[in-house]
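Can you keep this structure in mind? I'll have questions shortly.
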Amino acid sequence: SKSKSKGTKKWDLNKNLNTFPIKKVDTCFFFSSPKIIKKNFKKEIFNKEYIWLKNVISNIKIDRLIYLSSSSVYYEKTHVIGKAKRKCEKYILNNKSKFINYQIWRPFNLVGSSYSSSDHFYNILFRKMFIEKKSFYSFKGNINDKRGYSSVDEFTKVMLKYSKIKKNFIKDFGNPKLIKISE
């Protein structure tokens, strides 16, 4: 956890976890991933997530694993993030006997009130529109492209509710109500 909230531990996932003070957890929410920014695409560091996940699963007994994957697993096989996320999902499925149950979530187009420094299209779009209050900005792409945006807050509520269910699954989460980029 980035915070010092009660019940959370902060640990560098690049280091071996065999000295991690906790050896067993009831529920592990695995959200760690390299930041999605242009320079990371060039360095192709997204495989770190697989290394981190493997480190956690190998060194901590986890009853229930909730893994945050991505809709990018459906992109062409050459997509860097999709390739890394598929590799992580495969590792979980190959090691499913280590868990009482696992959940893999694939959210589509999540947006929230916090616009972090990410190079996702919609983060740039919303930052330009709502934070910088620009009335005009030029993007490359198709103005008729349709997306269904989902609230991070709503996704979190649904995921937390489902996290208590003792069932294995892979679940897509998205808004079926599509709007054009121009809208």
Side-chain angles (χ1 to χ4, degrees), residues 1-2 11-18 20 25 27-60 62 64-99 101-112 114-127 139-142 144-152 155-156 158-159 162-163 167-176 178 181:
S1 173
K2 290 182 181 178
W11 201 264
D12 183 352
L13 291 176
N14 290 311
K15 295 179 181 173
N16 194 314
L17 289 174
N18 57 4
F20 188 64
V25 295
T27 304
C28 174
F29 290 88
F30 193 92
F31 299 153
S32 297
S33 183
K35 193 174 263 193
I36 300 171
I37 53 177
K38 287 179 187 174
K39 72 176 185 174
N40 284 350
F41 280 94
K42 292 175 187 167
K43 292 180 181 179
E44 296 191 15
I45 67 162
F46 292 99
N47 195 50
K48 280 188 175 186
E49 182 173 349
Y50 171 76
I51 295 165
W52 297 338
L53 179 67
K54 192 173 176 181
N55 191 11
V56 168
I57 291 172
S58 298
N59 290 290
I60 301 171
I62 300 166
R64 183 175 298 123
L65 177 70
I66 289 96
Y67 174 69
L68 188 63
S69 187
S70 168
S71 59
S72 64
V73 297
Y74 296 115
Y75 297 163
E76 294 179 27
K77 293 183 188 256
T78 57
H79 191 275
V80 181
I81 298 170
K83 189 176 178 181
K85 293 289 188 179
R86 277 192 301 276
K87 189 174 179 181
C88 289
E89 287 185 13
K90 185 176 179 181
Y91 185 78
I92 292 167
L93 295 173
N94 287 341
N95 289 278
K96 64 185 175 187
S97 64
K98 292 185 176 191
F99 318 111
N101 67 285
Y102 65 88
Q103 298 176 8
I104 298 172
W105 289 84
R106 296 174 177 163
F108 287 73
N109 302 316
L110 292 178
V111 293
S114 174
Y115 302 103
S116 64
S117 57
S118 167
D119 290 333
H120 267 290
F121 167 75
Y122 54 82
N123 280 354
I124 296 169
L125 174 68
F126 293 146
R127 188 168 49 242
F139 288 98
K140 293 180 182 177
N142 185 341
N144 293 317
D145 186 26
K146 291 183 177 182
R147 306 256 171 106
Y149 294 101
S150 302
S151 161
V152 170
F155 170 68
T156 303
V158 171
M159 186 182 56
Y162 275 79
S163 72
K167 185 176 179 184
N168 296 334
F169 63 79
I170 298 173
K171 185 163 183 62
D172 291 345
F173 182 90
N175 184 352
L178 304 179
I181 299 297

Minimum heavy-atom distance Y102-N168, with the two atoms named | N-OD1, 2.8 Å
Straight-line distance of F29 CZ to Q103 CD, nearest 0.5 Å | 8.0 Å
Not counting sequence neighbours, which residues clear side chain to side chain donor-acceptor pair (under 3.5 Å) with N47? List them please.
-> K87
Distance flag, aromatic centroids of F169 and W105, threshold under 6.0 Å | yes
Which heavy-atom pair separates N55 from L17 by the least distance, and what is that distance?
-> OD1-N, 3.2 Å
Criterion side-chain contact (heavy atoms from CB on, under 4.5 Å) on F173 and M159, from CA distance to verdict | CA-CA 9 Å; F173 182 90; M159 186 182 56; over 6 Å; no
Trace of the side-chain contact (heavy atoms from CB on, under 4.5 Å) decision for N175 with Y149 = CA-CA 6 Å; N175 184 352; Y149 294 101; 5.5 Å; no
Got a sec, which residues hit side chain to side chain donor-acceptor pair (under 3.5 Å) with S150, two or more places apart in sequence or on another chain?
-> none
Looking at K85 and L68, what are the two nearest heavy atoms and their distance?
-> NZ-O, 3.1 Å
State, to 0.1 Å, how close R86 and Y75 come at their nearest heavy-atom pair, and which atoms those are.
-> NH1-O, 3.8 Å
If you round to the nearest 0.5 Å, how far is OG of S69 from CD of E89?
-> 3.5 Å
Residues two or more places apart in sequence or in another chain: which of them pass ring-ring contact (aromatic ring centres under 6.0 Å, His included) with F99?
-> none
Residues that S71 engages under side chain to side chain donor-acceptor pair (under 3.5 Å), provided they are two or more places apart | none
Between E49 and P34, which heavy-atom pair has the shortest distance, and what is it?
-> CB-CD, 4.0 Å
Quick one: CZ on F155 to CG on N109, what's the gap to the nearest 0.5 Å?
-> 12.5 Å
So how far is it from S32 OG to I51 CD1, rounded to the nearest 0.5 Å?
-> 13.0 Å
With sequence neighbours left out, what residues match D145 under side chain to side chain donor-acceptor pair (under 3.5 Å)?
-> R147
Under 6.0 Å from the OH atom of Y162, do we count more than 12 heavy atoms belonging to anything else shown?
-> no
From CD1 (I62) to CD1 (I60), nearest 0.5 Å | 6.0 Å
Looking only at heavy atoms, what is the nearest atom pair of L13 and W52, with distance?
-> O-CD1, 3.2 Å
List the atom pairs, with distances to 0.1 Å, where a side-chain N or O of residues 90-98 and a protein N or O form a donor-acceptor pair under 3.5 Å, not counting sequence neighbours.
unit_1: N94; atom_1: ND2; unit_2: K90; atom_2: O; d: 3.4
unit_1: N95; atom_1: ND2; unit_2: Y91; atom_2: O; d: 2.8

So OG of S70 and CZ of R106: to nearest 0.5 Å the spacing works out to 9.5 Å
Non-hydrogen side-chain atoms of I57 and L65 separated by less than 4.5 Å | yes
